[in-house]
Amino acid sequence: MFDLQLEHSDKFDLQLQQQEVQHQNGIDSPQPIQQQQQQFLDFSTNNTSSSSDWGGNSQNPNFRNNIVSSNGEQDLNQEQKNMSAVRHSRDQIREMKKVFKHCPHPNQEEREKMSRVLGIAPIQIKFWFQNKRNQDKIMQEHRQNNLLRQENARLRIENEMRNEKLKNTICLHCKGPVSIGKMCFNQNKIRIENARLKAEIEKLSGVSRNHINAVESDYDITSSMIGELYYDGNDPFGSLLTPYFDKQKIVELAMVSMEELTRLTLAGAPLWISTNESESLNESEYIRVFPNVISPKHTGFISESSRESMIIFMNHVNLIKTLMNVNQWSAMFSDIVSKAVTIEVLSHGGLENYNGLVQVMSADFQVPSPLVRARENYFVRYCKKHQEGIWAVVDVSLDHLRPSSTTMPRSQRRPSGCLIQELPYGYSKVTWVEHVEVDHTTLLSNRFYNSLITSSLAFGAKRWVASLGRQCERLTCSIDTNVPTRDYCDNFQGRKILLNLAQRMKLCFSSIVGSSIESCWNVLTPDSHDVRVMSKTNTEPGTPSGVILNGGTSLWLPVLPKRLFDFLGNQNSRSEWNILSIGSIIKEMTHIRHGHDLGNYVSLFQVNNKNYMQNNNMLLLQDKSIDRTSSHVIFAPVDINSMNLVFNGGDPNIIALFPSGFAILPDGVQLSNGGPMLNSIGSGGCLLTISFQILVGLNPALKIENGWVEAAVNFIKNTCERIKVAMA
DNA sequence: TGAGAGACCCCCGTTACATCA
DNA sequence: GCTGATGTAACGGGGGTCTCT
């Protein structure tokens, strides 16, 4: 650490040490310390043998500062002259900072050693460390305060919204307004108001029906309704979609769905039924209020509906931009959305915003498990600005408009989406509605996951909103300069690089962990097999080409999701589940928080084990993330030389990432109050998906042998067994 | 064995000066 | 050159812990 050589006079050291001892022993010095230091200065200037100094610089100010002279007034003037030299040099501070990182409380011996090397009195080193500890503490408190202030602002807004909502809530008994601590209004007045509202609802329903009828009978594209949507009749993206008249139907369908979604987000009971902190639609009431608006339900299909609200730290403009850009949208919801594409834009909306944008899209919706079939959807997405600060984005399936010859879809989206309300300080309130009809005979294929799916925790609004909130926190942390970070990369740029790498790793993991995988993957095990093994040729530019082998499976464990998350994310317990890391010493080099919950962070580990990390030039990048509905621990080995290149301004894409890891979901059997992931739940069970990935060879033409598949299956099974034993 | 004194350390707040806009 | 804000080195007081008597 102290490799800098200093020719330092022992005489000065002795005097300084004596000075410190006297000071520490409470013996009053005949002169102030600074005056004594000035005496050292005078002594120094008269003693040529002491001219060598810090780093070969004979002008070292601190060194001069430690010198004592012996006369009075003249010294004071001299002292004032040298005040500009009171501060420690950059090199000295840098070296002390290095020590501080490992040891914020150096003992006397260590201080003396530093004193000799740095040319500062031990007492000065002691002061410096004291001040540094205080500064760090103050900074830490400052950061904590900022986080708390943000949290406070969010809670205040949420509270205001709740109060507002409460004002508008209708009492189930008397149909009147509800207020805390007050009884309902005069019943006659309430009944009159109720009748008026009912009439209004009927009227609005009539408008919807008439509207649809008008669409059925009139396909004039220049009608005032469609004109509002800026539709110009041209196909800027080519005619990928459907014949001309279908597009009019789609646009009209989008508009009607928007109306339905808006009403669904604002309605209360009896349309929505509240159970266990979640809301679902009252089916009979729904049919009464929205009769045959979209399309009849397929026989045998089951409705899944849910609604959830959340205040998120993202302004409405960015949120809408994210939702309307297919790449950003699938990245934002990477653990739910896969294979998303925009097929055709039917209307481009306003020039400066997305108001009126209508686009036809397709996407697979999945849970992170190879055992659950993904839901393929073909739908239209429409964005509309309702009034200043209030926007809505709606999706609705187009499957019923497809030619009858095509395969019957296994699920379809009824009007679903979100209402976005602009809030102060860059916040938005999002009310999310998910309403789908699903063929459970084909999509409920695994008994472990059935409860999760039917509880709406897999595909419901709660999961969408939790995922959105988590991702917003992550984005905020990546641009916040006050995020707590430890060691290795303590600068903003380095932190940003690591967070981006972790995000890339997560995207890659999400794309292979579910059942909706890209066609480039070659599945090597039969569908009936517990463990799925697949391979592909890596073609990503900048990374080593070769063959990647992936193995994955899911299992149920009788433990709380949070407990499993803590276990799998803890480097000290890694050898309990990973046979390759037994005997490893894993040291965390960097720790970057990316969320309020302490479980959300990215780490960079140094692992000294050749079995595990092939060579000493590899580090382990790990991303831990948890929200109210799911959590994951994802990790990948990264080459230390490539990392250094990237930290020095190189292209991050040169870092090859082959992520492995775990996705954890609650089993959804029985939910108590609070979030299923962060708080304990009644069921006590969770669903774990394991996915391991490895580059098996650098030859792209390599043929995968059966022995490798068997080895991969055995490795996954062994890992499962180890986790089961550890959790037992 | 417990009490008291002293040494040492740390935290916290303050002061004095340097630096910068 | 003056001024105010901010950063930094040094200092003092209070309190805790440990050792010795």
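Just so you know, these numbers come straight off a predicted model, no measurement behind them. First the proteins, then the strands, lettered A, B, ... as listed; each starts at 1.
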Can you tell me how far [atom2] of [N] sits from [atom1] of [X], to the nearest Å?
| X | N | atom1 | atom2 | result |
| --- | --- | --- | --- | --- |
| A:F127 | C:dG7 | CZ | C1' | 18 Å |
| A:E110 | B:dC9 | CD | C1' | 14 Å |
| A:M96 | C:dA10 | CE | C1' | 13 Å |
| A:R90 | B:dT19 | CZ | C1' | 12 Å |
| A:Q135 | C:dA10 | CD | C1' | 13 Å |
| A:I93 | C:dT8 | CD1 | P | 7 Å |
| A:I123 | C:dA10 | CD1 | P | 9 Å |
| A:Q108 | B:dC10 | CD | P | 10 Å |

Among A:Q622, A:H594, A:H591, side chain to side chain contact (heavy atoms under 4.5 Å, CB included) partner for A:V602
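So, applying the side chain to side chain contact (heavy atoms under 4.5 Å, CB included) to A:V602 and each of A:Q622, A:H594, A:H591, only A:H594 qualifies.
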Just to confirm, is there a sub-4.0 Å distance from OP1 or OP2 of C:dG7 to any side-chain nitrogen or oxygen of A:H88?
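The answer is no; no side-chain N or O of A:H88 sits under 4.0 Å from OP1 or OP2.
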Measuring to OP1 and OP2 of B:dC8, would you say a side-chain N or O of A:R111 lies under 4.0 angstrom away?
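Indeed not, no polar side-chain atom of A:R111 lies that close.
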Salt-bridged, [X] to [Y], with N to O below 4.0 Å?
| X | Y | result |
| --- | --- | --- |
| A:K113 | A:E110 | no |
| A:E308 | A:R628 | yes |
| A:R563 | A:D566 | no |

Counterpart base for B:dC20, defined by Watson-Crick or G-U wobble contacts under 3.5 Å
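Checking every strand shown, B:dC20 finds its partner in C:dG4, with both distances under 3.5 Å.
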Whether A:W577 and A:F635 hold their rings parallel, tilted or perpendicular, with breakpoints at 30° and 60°
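Tilted, since the angle between the ring planes falls between 30° and 60°.
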Qualifying residues under salt bridge (Lys or Arg N to Asp or Glu O under 4.0 Å), relative to A:D623, sequence neighbours excluded:
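A:D623 satisfies salt bridge (Lys or Arg N to Asp or Glu O under 4.0 Å) with A:R474 once adjacent residues are dropped.
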Got a list of protein N/O to nucleotides 11-14 of chain B N/O distances below 3.5 Å?
unit_1 : atom_1 : unit_2 : atom_2 : d
B:dC11 : OP2    : A:R133 : NE     : 2.5
B:dC11 : OP2    : A:R133 : NH2    : 3.4
B:dC12 : OP1    : A:K137 : NZ     : 2.1
B:dC12 : OP2    : A:K137 : NZ     : 2.7

Residue pair A:T629, A:D627: steps toward the side chain to side chain donor-acceptor pair (under 3.5 Å) verdict:
CA-CA 6 Å; A:T629 59; A:D627 63 40; 3.1 Å; yes
